[in-house]
Peer 1: 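This structure is in structure tokens; I'll ask about it shortly.
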Amino acid sequence: GLNFRLVSIDGSTIEDDVTWQWLSRNTSVSTVTSEGIVAAIDPGQAWIVGTANGEFSDSVLVTVTTDPNAVASVEISGEAANLPIGETRQLEAVARNLDGDEIAVSFTWRSSDENIATVSADGLVTSISGGNVGITAEADGIASVPFQIFCGETASTREGPFSGRN
């Protein structure tokens with residue numbers, strides 16, 4: 001089963017009176033019981049969502065495969081810092097099988113919002129306007145978790161003297 005912990009902002013675990021609800025966003029791939037036990041149904045991917053006390057939720061992407069040599073996960077790496085408008089950033093993707101071995105495959109890249117950032121066929125992200133965007137890479141029908149990038153100015157500047165007074 002899945003194990004989720006509810007953690008407060010100071011990092012301490014909150015366990016008293018936590019009621020969990022579970023949901024599979026793709027029940028044709030996997031289901032989840034009220035105890036958080038995930039069952040594989042068919043190859044593919046499904047987001048499993050755990051919600052604590054009807055208020056706090058998080059999710060995990062589950063991949064189901066029947067071939068141990070097939071793509072089981074896709075991971076994106078790259079700099080996660082802010083991307084100023086008009087600039088580019090190269091992302092890299094790696095596909096792995098069930099044993100964690102790297103597999104040589106081609107990737108399809110996607111942007112969650114091409115008005116904020118576009119991504120080329122080789123993973124080059126171009127910032128178009130301000131906002132948050134998720135970039136995904138997919139191989140053989142298996143997608144990565146979205147790689148989050150904030151597009152916009154990274155810092156504001158001010159010219160002129162400062163008085164030091166409020």
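This chain uses plain numbering: 1 for the first residue, then up along the sequence. In what follows, every heavy atom counts, from backbone to side chain, and hydrogens, waters and symmetry copies are set aside.
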Peer 1: Identify whether W47 and F147 are in the same connected component of the hydrophobic contact network (ILVMFWY, side-chain heavy atoms under 4.5 Å).
Peer 2: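 W47 and F147: separate clusters.
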Peer 1: Quick check: do S77 and E92 have side-chain heavy atoms less than 4.5 Å from each other?
Peer 2: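 Touching, per the 4.5 Å side-chain cut-off.
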Peer 1: If the condition is salt bridge (Lys or Arg N to Asp or Glu O under 4.0 Å), which residues does R25 pass it with, not counting sequence neighbours?
Peer 2: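 R25 satisfies salt bridge (Lys or Arg N to Asp or Glu O under 4.0 Å) with no residue once adjacent residues are dropped.
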Peer 1: Within the side chain of S129, is there an N or O that forms a donor-acceptor pair under 3.5 Å with the backbone of N115?
Peer 2: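 At least one qualifying donor-acceptor pair exists.
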Peer 1: Counting distance only, does the side-chain N/O of R89 pair as donor-acceptor with the main-chain N or O of N82 below 3.5 Å?
Peer 2: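 Yes: the side chain of R89 pairs with the backbone of N82.
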Peer 1: Please tell me if the side chains of S28 and D42 come closer than 4.5 Å, counting only heavy atoms from C-beta onward.
Peer 2: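 Contact flag for S28/D42 side chains = no.
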Peer 1: Are V60 and W20 joined in one hydrophobic group, where the rule is that I, L, V, M, F, W and Y side chains link up if heavy atoms are under 4.5 Å apart?
Peer 2: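 Same cluster: V60 reaches W20 through Ile, Leu, Val, Met, Phe, Trp or Tyr contacts under 4.5 Å.
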Peer 1: Is the backbone N or O of A137 less than 3.5 Å from a side-chain atom of S144, with the two atoms forming a donor-acceptor pair by type?
Peer 2: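 At least one qualifying donor-acceptor pair exists.
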Peer 1: Hydrophobic clusters here meaning ILVMFWY residues chained together by side-chain heavy-atom distances under 4.5 Å, can you tell me if V32 and L61 are in one?
Peer 2: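 Shared cluster, no.
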Peer 1: State, with a plain yes or no, whether a side-chain heavy atom of V125 is found less than 4.5 Å away from one of L91.
Peer 2: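 Answer yes - side chains close enough.
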Peer 1: Quick one about T63 and Q45 (side-chain donor to acceptor, distance below 3.5 Å, no hydrogens or angles considered), yes or no?
Peer 2: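 Side chains of Q45 and T63: pair found under 3.5 Å.
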Peer 1: Would the distance check show the side chain of D99 and the main-chain N or O of D101 forming a donor-acceptor pair, the cut-off being under 3.5 Å?
Peer 2: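 Side chain of D99 to backbone of D101, a donor-acceptor pair under 3.5 Å: no, none is there.
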Peer 1: For T19, is there any backbone N or O sitting under 3.5 Å from a side-chain donor or acceptor partner on N53?
Peer 2: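 Yes, because the side chain of N53 sits within donor-acceptor range (under 3.5 Å) of the backbone of T19.
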Peer 1: Could you walk me through whether N97 and V71 pass side chain to side chain contact (heavy atoms under 4.5 Å, CB included), step by step?
Peer 2: CA-CA 5 Å; N97 65 15; V71 175; over 6 Å; no
Peer 1: Going hydrophobic residue to hydrophobic residue with side-chain gaps under 4.5 angstrom, can you get from V94 over to V119?
Peer 2: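 In one cluster: no.
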Peer 1: Kindly compute the distance separating CD (E35) from CH2 (W22), expressed to the nearest 0.5 Å.
Peer 2: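 E35 CD to W22 CH2: 10.5 Å, rounded to 0.5 Å.
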Peer 1: I want to check something: taking the side chain as every heavy atom from C-beta on, are I116 and F150 in contact at a cut-off of under 4.5 Å?
Peer 2: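 Counting from C-beta outward, I116 and F150 never come under 4.5 Å.
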Peer 1: Hey, could you give me the CD/CG distance between Q90 and D122, rounded to the nearest 0.5 Å?
Peer 2: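 Rounded to the nearest 0.5 Å, the CD-CG separation comes out at 5.0 Å.
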Peer 1: Can you confirm whether V133 sits close enough to C151 that some side-chain heavy atom of one is under 4.5 Å from a side-chain heavy atom of the other?
Peer 2: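 A side-chain contact exists here, since the closest heavy-atom pair is under 4.5 Å.
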Peer 1: So F107 and V74, do their side chains get closer than 4.5 Å, heavy atoms only?
Peer 2: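 Touching, per the 4.5 Å side-chain cut-off.
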Peer 1: Please test R96 against S73 for side chain to side chain contact (heavy atoms under 4.5 Å, CB included), starting from the C-alpha separation and ending with a verdict.
Peer 2: CA-CA 5 Å; R96 299 188 186 281; S73 69; 3.6 Å; yes
Peer 1: Could you state the interatomic distance from CG (N69) to CD1 (I103), rounded to the nearest 0.5 Å?
Peer 2: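 Spacing of CG (N69) from CD1 (I103) equals 7.0 Å.
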Peer 1: Tell me if a side-chain donor or acceptor on S111 pairs with a main-chain N or O of T118 at a distance below 3.5 Å.
Peer 2: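 It does not hold such a pair.
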Peer 1: Please give me the minimum heavy-atom distance between T31 and T27, naming the atom from each residue.
Peer 2: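 For T31 versus T27, the nearest heavy atoms are CG2-O, 3.9 Å.
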Peer 1: Starting at CD1 of I135, measure out to OG of S112 and round the result to the nearest 0.5 Å.
Peer 2: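 So the CD1 of I135 and the OG of S112 are separated by 6.5 Å.
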Peer 1: From S30 OG over to I41 CD1, what is the distance, rounded to the nearest 0.5 angstrom?
Peer 2: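 CD1 of I41 is found 7.5 Å from OG of S30.
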Peer 1: When rounded to the nearest 0.5 angstrom, what is the spacing between CD in E138 and OG in S106?
Peer 2: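 If I round to the nearest 0.5 Å, the distance is 12.5 Å.
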Peer 1: Would you say the side-chain atoms of T33 pair up with the backbone N or O of I37, donor to acceptor, closer than 3.5 Å?
Peer 2: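 Pair found, side chain donor or acceptor close to backbone of I37.
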Peer 1: Do I85 and I128 have side chains that approach each other closer than 4.5 Å (heavy atoms only, starting at C-beta)?
Peer 2: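 SC-SC contact between I85 and I128 ruled out.
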Peer 1: With heavy-atom distances below 4.5 Å as the criterion, would you say the side chains of V105 and D140 are in contact?
Peer 2: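 Of all side-chain heavy-atom pairs linking D140 with V105, at least one is under 4.5 Å.
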